[in-house]
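Quick notes on the structure that follows.
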Amino acid sequence: MLNYKDMEEKWQKQWSEAKVFESEPNEKNGILVTAPFPYVNTPLHIGHLRTYATTDLYSRYMRMKGFNVLFPFAFHASGTPILAIAKRLMNNDKELIDDFRSFKISDEDIAKMRNDPLFIANYFIKNVSDGMHKAGLGIDWRRRFVSIDPIFGKMVTWQFGKLKELGYLEKGMHPVGWCTNDQSAVGQHDTKHDVHPEIKTMIVVEFKDAGSDAYFACATYRPETIYAVTNIFVGKEIQYVIARMNNKRYYISKETAQILSNQASVKIEGEVSADELLKKSAVNPITKETVPVLPGFFVKPDVGTGIVMSVPSHAPFDYAALERLKTSGYPIPKIEYKRIIDIEPLNGNKIGRSLGDVIAGEAKPLHPEIPALAYLEILNSDPNAIDDMLEFATKLAYREESHWGVMLVGKYSGMKEPEAREKIKSDLIESNDGFDIFVIGNDEPVYCRCGTKVIVKVVDQWFINYGNKKWKKEVNDYLPNMKIYPKKLSATFSAASDWLDLRAAERAQGLGTKFPFDERHIIESLSDSTIYPTLYTYIHILYSNGIKPEQLIPEFFDYVLLGKGNVSSVSQSTKIDTTILNKCRESVQYWYKNTSRHSAPDLIYNHYVMYIYNHVALFPKEFWPRQIVVNGMVNYEGEKMSKSLGNIVPLSEGIEKYGSDPLRFVEIAGGDLDTETEFSPTGINSIVSKNQYLFDMVLKMEELDGSELTHIDYWLYSRLNSKIKNATESLDGFMLRGAYTDIYYNSITELKWYMDRGGNNGLAVREFIEKIALMLGPIMPHFAEELWNSIGNNTLVAKERWPTTDETYINKPVEKTEEIIKDTIDDINNTVALTSRMPQNSNKRIKEIKVIVSDDWKSDAYNALAEKRNISEVMKMQWNAADKEKVSKFLSQLSKKIRTIEKTEFVKCDSLFDGFSHAKAYLSKRLGSSVAIEKEQSSGSSRAERAMPNKPSIDVVWS
RNA sequence: GCAGGGGUAGCAAAGCUUGGUCAAACGCGCCAGGUUCAGGGCCUGGUCCCUUAGGGGUUCGUGAGUUCAAAUCUCACCCCCUGCACCA
């Protein structure tokens, strides 16, 4: 049995000794193949392998195709996640500790990780690089680096200087999720339960206090409903203040005043109680109506402004609040519920178009004239419903009306609601009757891990303006020139490019490069990782020449990356020898002209777009990204690998247990590039046993002593060459699964068929296996070497050339003949099964099975008919091989298919007869009876004339 | 909500660009039989329905349409996945 561990170690050692993967520029075409460096705050599992194995596959394939390939690797440690891990360990985060333990990280190491980010980084760098080594990835390790290395920092500093020069680095106000306790921005991973804080804008509509110069600041998402406002709601228990903003005085809750002070200047001039507000009335800025102020049970002190404009006709909460006031006997004036938005009629039913998710039974809206009530009725509910139900009705109303609503009143009457909303909003802002505020838009409040409620703060900070029109156009113009695999992702890349906009470029804490224009901050950790593949091309030259980070001043990068400046003056200012500078420069030029970058799809919307933008901004066109390859994820027996399911297999453990090669194979060949593939132990077993079969075949091969090439040998050669041709085309288009189905699974089936059919030529089998071994090189590199070696080759597959097709061996009729033989066996089995049940055949045995191949005139007639599609036309032709009656009978059989038949290359009668004759012994063995092969013309069988082109007739003779 | 992708037989996954050769590849699972066979492995056959001569019927999210012909083209609808930014 093959021992994968020994085998893998053996060949990894040989590759390393032969320096197969240590590439330097030469006369060949070069290609730089990279995968984004992994973030080293967590161990790798077998799912991560797919991207790296695919990258390795491509680089090995391209090397075999004659390219000079460089596949380097590095590690990402800059940014906040490592700090976060250190912090969580400090706090004895049980979940994290359990997680680490499941990866067999010792308690001792976990203890060391506490509050020591660098230890964490180094620990996982070792973990990842061990995994990469064990997997046998063909990496040039001389070029490794970490994103917190000083050299890396020098490059990033240079990059940011350039971005600023180009005007792409800007300073400005920007809203972020914010924790007032931590005094820092809050992203998804900083919150409890990893909730993403959604930042939305609300408009504050100003309703002037009828009796003073102050305004009721009503926050709303739906300013268009202003035409139906009946009153203002305040919370009875809420403490209000008078706050000065934009040089006006506003009534606003004390809490929201505090929150809004993070967004604008808010000066509190005094307090005012809810009771006082309730005595006032307010003026609608658009309709100029004066409306009362009433208590709303649902008004919250920390949402929006703590003051709500009431639209009972369209807002279920508002409707419910008024109804409840009525029932409680609160004195309210007469109120008119005015429907101002209509839903386009559908099937006569005016509301409830998209109620698919509502389990409403037979509920009917009884009050379509009051949508807020109608939506409650649809839900079998009423104004006394619990808040959740009101919330649901609100969402329903919002969705329906936003989708199909049309304004019935006002300046924008007749306009679609969402459009009208925007117009009214800008009108209000324009006329100084409203302004925007930012709020956290999640349904539930979002809490920072520290327990504080997350708010929105507008911060003044540096960001990269990917929204720059010129820049975006340049990128979008270039995108079609990039090769993207799978091809259908091109649309996604365009969408991602369009979507990319302002991107904060600095963070208050974390590891990494200091922000050059504000040294208290560091560069955000995706922004620092966009052009680092350039570093791979020359960093080993810096290492081997002892170049110090301090020498890497901007002039260095200008020269090496952009070719700017004069080498001797750069040498003078950097104190780096001109030969070294030139070597670096040449290396960049050599490798960076042709690149291929590989990753999973989750990087498209962040790393990839930024990668493309930065290259386009900084480099000459010849260095822009050439090719991007995106591979899907790996599932474990149908389920996502996740901590909660407990189905994560650590990479090292997986390799030990299953072998690197079988793992690579199932992960890559299990599905097309972009689909998720399935990992399962049974899948692995299947590969292991198939490999064993191939390996054992080498021993069997030695015993084959046939010297003459027979029909089945020609078949094997033909299949082999067709296979090489097809597989090469598939691989060139990144159809990895298709390629390896043919190279691997089909080859094994074919070898078995060859042996079954009595194939006996050792040389033919040798050549077949040899080529298969070569083609397996990129996907199962260790096994490929082992197989290659076992045949008696002393070279390394990793350094061999990819096999080429010898077209002269491709013989389609021979391949087709074997297919016909297979089909005929199936047909015979069916026939025998059926006829044996016939009464006249009971107590009888099969005497002989006749296989009768059709005459060539049938093929000719078939094709003639396919061409002319007219029987009498075909009959007019010369038919000397058969009498007209037969031709006519044959054609009439085809007549009902006359439109659908296509011209076909049929196997000639003689070759098919020949093929079957050679298979005679095999057939009678398979069928357990004597077999006769006959030609239609000379057969005496009554069934002879049933023979069709490519489909011999069968006559089972009973006796 | 917006954007991108997708719905194919027990699972999983090709096919869809270039309509017919598709009851639909490869693989897994399952069933039956075989194998000097414990199990496993391996081999053969079967795995939508019907069928006493290799045949027929109904299928590729739903519904319409184009066509001599649709898994493949068009439209509408339903459902699923992913992303929506300061985060690797």
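Sequence lines set the chain letters: A, B, ... in the order given, protein chains first and strands last, and positions in each chain run from 1.
Relative orientation of the A:Tyr922 and A:Trp753 rings is perpendicular, given thresholds of 30° and 60° on the angle between their planes. The aromatic rings of A:Phe37 and A:Phe152 are tilted relative to each other, their planes meeting at an angle between 30° and 60°.
One interatomic measurement links the two molecules: CG of A:Asp827 to P of B:U51, which rounds to 20 Å at whole-angstrom precision. One atom, CE of A:Met755, and another, P of B:U44, lie 13 Å apart when rounded to the nearest Å. Atom pair A:Tyr605:OH and B:C2:P shows a separation of 14 Å (rounding to whole Å applied). Note: CG (A:Asn691) to P (B:C42) measures 13 Å, nearest angstrom. As a whole-Å value, the separation of A:Leu673 CG from B:A14 C1' is 15 Å. If you take CD of A:Glu422 and P of B:G1, they are 17 Å apart, rounded to a whole angstrom. Distance, A:Met633 CE to B:G6 C1': 16 Å, rounded to whole Å. To the nearest angstrom, P of B:G83 lies 20 Å from CG of A:Asp498.
At the heavy-atom level, A:His76 lies under 4.0 Å from the strands shown only through sugar-phosphate atoms. Heavy atoms of A:Ile604 sit nowhere under 4.0 angstrom from any nucleic acid atom. Within 4.0 Å of A:Thr80, counting heavy atoms only, lie sugar-phosphate atoms of the nucleic acid but no base atom. Using a 4.0 Å heavy-atom distance criterion, A:Pro952 is classed as a base contact. Contact annotation for A:Val609: no contact, since no heavy-atom pair falls under 4.0 Å across all strands. Looking at heavy-atom distances under 4.0 Å, A:Ser494 makes no contact with the nucleic acid at all. When heavy atoms are screened at a 4.0 angstrom cut-off, A:Asp501 is found touching base atoms of the nucleic acid.
For A:Ala491, taking side-chain heavy atoms from C-beta onward, the closest of the listed nucleotides B:A85, B:C42, B:G5 is B:G5. Of the candidate nucleotides B:C26, B:G4, B:C42, B:C26 has the atom lying nearest to any side-chain atom of A:Tyr745. Closest to the side chain of A:Asp672, from the set B:C42, B:A14, B:C28, is B:A14. If you check B:G4, B:C26, B:A53 against the side chain of A:Arg946, the one that comes closest is B:A53. Of the candidate nucleotides B:C26, B:A53, B:A85, B:A85 has the atom lying nearest to any side-chain atom of A:Arg503.
A side-chain contact (heavy atoms from CB on, under 4.5 Å) with A:Ile820 is found for exactly one of A:Val853, A:Ile825, A:Asn950, namely A:Asn950.
In this structure, A:Asp955 and A:Trp499 both approach RNA chain B, and ranking their closest nucleotides by distance from the 5' end singles out A:Asp955. Judged by closest nucleotide on RNA chain B, A:Tyr693 is the one of A:Tyr693 and A:Ala505 placed further toward the 5' end.
The same atom, P, is picked in B:C49 and in B:C37; the two are 35 Å apart, to the nearest Å. Distance noted for atom P between B:C30 and B:C11: 15 Å (whole Å). Atom name C1', nucleotides B:C60 and B:G10: the rounded distance is 16 Å, in whole Å. Taking atom P on both nucleotides, B:U62 is separated from B:A70 by 15 Å, rounded to a whole Å. Distance check on atom P: B:U17 versus B:A12 gives 25 Å, rounded to whole Å. Taking atom C1' on both nucleotides, B:G61 is separated from B:G55 by 31 Å, rounded to a whole Å. One C1' atom belongs to B:C75, the other to B:G1, and the distance between them is 24 Å to the nearest Å. Nucleotides B:G65 and B:C31 are separated by 44 Å at their P atoms, to the nearest Å.
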| Hey, mind stepping through A:Val634 and A:His45 against side chain to side chain contact (heavy atoms under 4.5 Å, CB included) and telling me if it holds? | CA-CA 10 Å; A:Val634 178; A:His45 61 71; over 6 Å; no
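Two rings, from A:Tyr168 and A:Tyr613, have their centers 6.0 Å or more apart.
The partner of B:U62, taking Watson-Crick or G-U wobble pairs whose two distances both stay under 3.5 Å, is B:A76. Look at B:G54: it lacks any Watson-Crick or wobble partner with both distances under 3.5 angstrom. Using the Watson-Crick or G-U wobble rule with both distances under 3.5 Å, B:A13 pairs with nothing in any strand shown. Of the nucleotides present, B:G34 is the one that pairs with B:C42 by Watson-Crick or G-U wobble criteria, both distances under 3.5 Å. Summarising the base pairing, B:C2 is matched to B:G83 through a Watson-Crick or G-U wobble pair whose two defining distances lie under 3.5 Å.
With 3.5 Å as the limit, one finds a donor-acceptor pair spanning the side chains of A:Tyr608 and A:Ser599.
The side chain of A:Thr675 contributes an N or O atom lying less than 4.0 Å from OP1 or OP2 of B:A14. Within the structure, every side-chain polar atom (N or O) of A:Ser689 is placed at least 4.0 Å from both OP1 and OP2 of B:G41. The side chain of A:Lys488 contributes no N or O atom lying less than 4.0 Å from OP1 or OP2 of B:U17. Remark: A:Lys690 is in phosphate contact with B:C28, judged by side-chain N or O atoms under 4.0 Å from OP1 or OP2.
The number of heavy-atom neighbours closer than 6.0 Å to NZ of A:Lys472, taken from other residues, nucleotides and ligands shown, is above 12. More than 12 heavy atoms of other shown residues, nucleotides or ligands fall within 6.0 angstrom of atom NZ in A:Lys822.
At a cut-off of 3.5 angstrom, the base of B:G27 holds no donor-acceptor pair with the side chain of A:Arg737.
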